[in-house]
Amino acid sequence: MADPKGFLTTGRAVAETRPVGERVKDWNEVYVPGSLLPIISKQAGRCMDCGIPFCHNGCPLGNLIPEWNDYAYREDWTAASERLHATNNFPEFTGRLCPAPCEAACVLGINQPAVTIKNVEVSIIDKAWDSGDVTPQPPERLSGKTVAVIGSGPAGLAAAQQLTRAGHTVAVYERADRIGGLLRYGIPEFKMEKSHINRRIEQMRAEGTKFRTETEIGRDIDAAKLRRRYDAVVVAAGATVSRDLAVPGRELNGVHFAMEYLPLANKVQEGDLTVSPITAEGKHVVVIGGGDTGADCVGTAHRQGALSVTQLEIMPRPGEDRNANQPWPTFPMLYKVTSAHEEGGERVYSVSTTHFEGDEDGNVQALHLVEVEFKDGRLEQKPGTERRIPAQLVTLAMGFTGTDQSNGLVQQFGLELDERGNVARDADYATNVGGVFVAGDAGRGQSLIVWAIAEGRSAARGVDRFLTGASTLPAPIRPTDRALTV
């Protein structure tokens with residue numbers, strides 16, 4: 001193990017963030033560059049090597065956390081990187097974006113602050129890139145089989161890299177102008193700079209993966225024709241249909257889905273736009289939805305110069321400690337203060353929007369809300385709690401409802417859907433259409449980046465078996481596996 005007394009002698013310390021007044025003036029990542037390396041070896045030494053590492057169960061990838069903690073403690077960064085990549089294609093993504101269910105399942109977390117697994121992970125991979133330990137791994141021989149991957153988010157990229165390394169010729173189709181899916185246009189630059197995506201794409205290109213941007217399967221290419229062109233297809237198109245809010249005034253100018261608002265801000269950072277067509281500058285901003293996407297809208301609004309930012313959540317405010325009905329090692333619902341929340345704004349819980357108010361030109365000017373509470377399992381409004389708040393920009397960040405069917409992809413393939421509207425699949429991630437597989441949110445529904453990568457890796461095994469009759473690729477999860485929650 002690492003330090004036998006580390007968890008007794010070393011307290012938890014996390015990455016240092018830059019001062020709020022500095023970071024809201026730029027779009028760089030919020031953390032102080034290099035601040036982890038002086039502390040991370042001791043932090044890795046807090047790992048208990050507990051015999052039964054429940055962190056493995058918390059992480060759908062089955063990351064070998066005690067092993068790379070030990071290497072990080074000993075500052076053997078090359079070995080740590082090898083162990084990290086053994087289960088995760090893109091640890092620089094998860095190390096920045098994953099909410100770390102592994103830490104919720106850490107045995108030390110039963111009665112002490114958990115090991116900073118996420119910080120150790122990102123330190124290892126950043127060190128590996130800096131040291132030149134991340135190199136292309138092209139296959140030794142080609143199989144002669146071809147695979148099309150639809151979607152270049154984390155599930156599609158993971159499936160593509162695994163299948164390329166197995167010797168298949170893989171082409172990734174992406175409807176946007178750049179590769180990355182929600183990683184590219186849904187995640188703000190201050191959470192993950194896009195240079196991390198770019199260098200992975202270059203690694204994959206060097207391994208042999210082909211990329212086709214600005215090509216939407218279903219519209220630009222008929223899905224049935226694509227199936228005939230390739231020996232197998234992986235649908236990793238995500239769950240991109242945003243949940244809407246059907247209240248009076250929804251049609252007013254200035255009320256937008258989060259995924260209309262965030263990509264434009266990212267396009268400014270890519271150099272495609274000088275100013276976003278949807279900006280918070282000089283406006284009172286209301287974000288509806290209390291999750292990570294909502295927090296991304298909050299941080300973006302701060303950087304665009306909003307007059308005020310208010311985030312609304314229909315559920316009650318979570319506690320700061322585990323509830324009795326959310327015991328270790330499940331992932332608890334806790335009050336979370338993200339870097340965006342540190343930068344200002346107001347968070348309002350247990351409220352529901354009743355309607356939007358506009359001006360004579362059809363622009364939103366205010367939002368009307370009412371307090372709500374749960375009674376007998378039902379959500380009820382509290383009389384006399386109605387109020388009005390100013391709003392010249394409203395973003396809807398209430399999650400996603402399923403895969404886009406408007407482009408014809410589902411119908412052209414003839415894919416069956418499950419009862420929740422996701423693409424149905426069997427134990428090998430195969431759909432009802434021969435040779436067509438599904439991975440990520442398109443089959444699971446809205447989920448976390450770490451589940452998407454795990455699904456991409458698992459679906460790759462199913463495709464490899466379909467093409468060759470057998471596979472040595474890992475399959476960390478089954479389609480029916482679910483997170484450790486209650």
I'd like to know whether R184 forms a side chain to side chain contact (heavy atoms under 4.5 Å, CB included) with N198, so could you lay out the CA-CA distance, the side-chain angles of the two residues, the decisive distance to 0.1 Å, and finally the verdict. CA-CA 10 Å; R184 173 73 65 180; N198 296 339; 2.8 Å; yes
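With rounding to the nearest 0.5 Å, the separation of CD in Q365 from CG in N253 is 10.5 Å. For the atom pair CD (E416) and OG1 (T431), the distance works out to 8.5 Å, reported to the nearest 0.5 Å.
For T293 (side chain) and A397 (main-chain N/O), no donor-acceptor pair under 3.5 Å exists by modelled atom type. In terms of modelled atom types and a separation under 3.5 Å, the side chain of R46 and the main chain of T116 share no donor-acceptor contact. In this structure, the side chain of R317 does not engage the main chain of Y349 through any donor-acceptor pair within 3.5 Å. Side chain of Q412 to main chain of G218: a donor-acceptor pair is present (N/O by atom type, distance under 3.5 Å, no hydrogens or angles). A donor-acceptor contact shorter than 3.5 Å is absent between the side chain of D361 and the backbone of N363.
Between C59 and V450 the shortest side-chain heavy-atom distance falls below 4.5 Å.
Taking each heavy atom of G290 and E313 in turn, the nearest pair found is N-OE1, 2.9 Å. Of all non-hydrogen atoms in G362 and L252, the two that sit nearest each other are O-CD2, 3.5 Å. Minimum interatomic distance between N266 and P188 (heavy atoms only, all atoms of both residues): OD1-CA, 3.6 Å. Considering every non-hydrogen atom in both F90 and A158, the closest pair reads CE1-N, 3.5 Å. Scanning all heavy atoms of the two residues, the minimum distance from V14 to L36 falls at C-CD2, 4.3 Å. Across all their heavy atoms, V372 and S352 have their closest contact at CG1-CB, 3.7 Å.
A donor-acceptor contact closer than 3.5 angstrom links the side chains of N63 and T87. Between the side chains of E386 and Q381, no donor-acceptor pair is found at a separation under 3.5 Å. Remark: the Y185 side chain and the R178 side chain contain an N/O donor-acceptor pair separated by less than 3.5 Å. Between the side chains of E371 and T385, no donor-acceptor pair is found at a separation under 3.5 Å.
By the neighbour-count criterion of 12 heavy atoms within 6.0 Å, atom NZ of K194 is densely surrounded, having more than that number from other residues, nucleotides or ligands.
Residues satisfying the ring pair (Phe, Tyr, Trp, His ring centres under 6.0 Å) criterion with F54, sequence neighbours excluded, are W328.
Ion pair E189/R303 not flagged as a salt bridge, since none of the NZ, NE, NH1 or NH2 atoms sits closer than 4.0 Å to an Asp/Glu carboxylate oxygen. A salt bridge between E343 and R23 is present, with a side-chain N of the basic residue lying under 4.0 Å from a carboxylate O of the acidic one.
In this structure, W27 and F190 have tilted ring planes: the angle between them lies in the 30° to 60° band.
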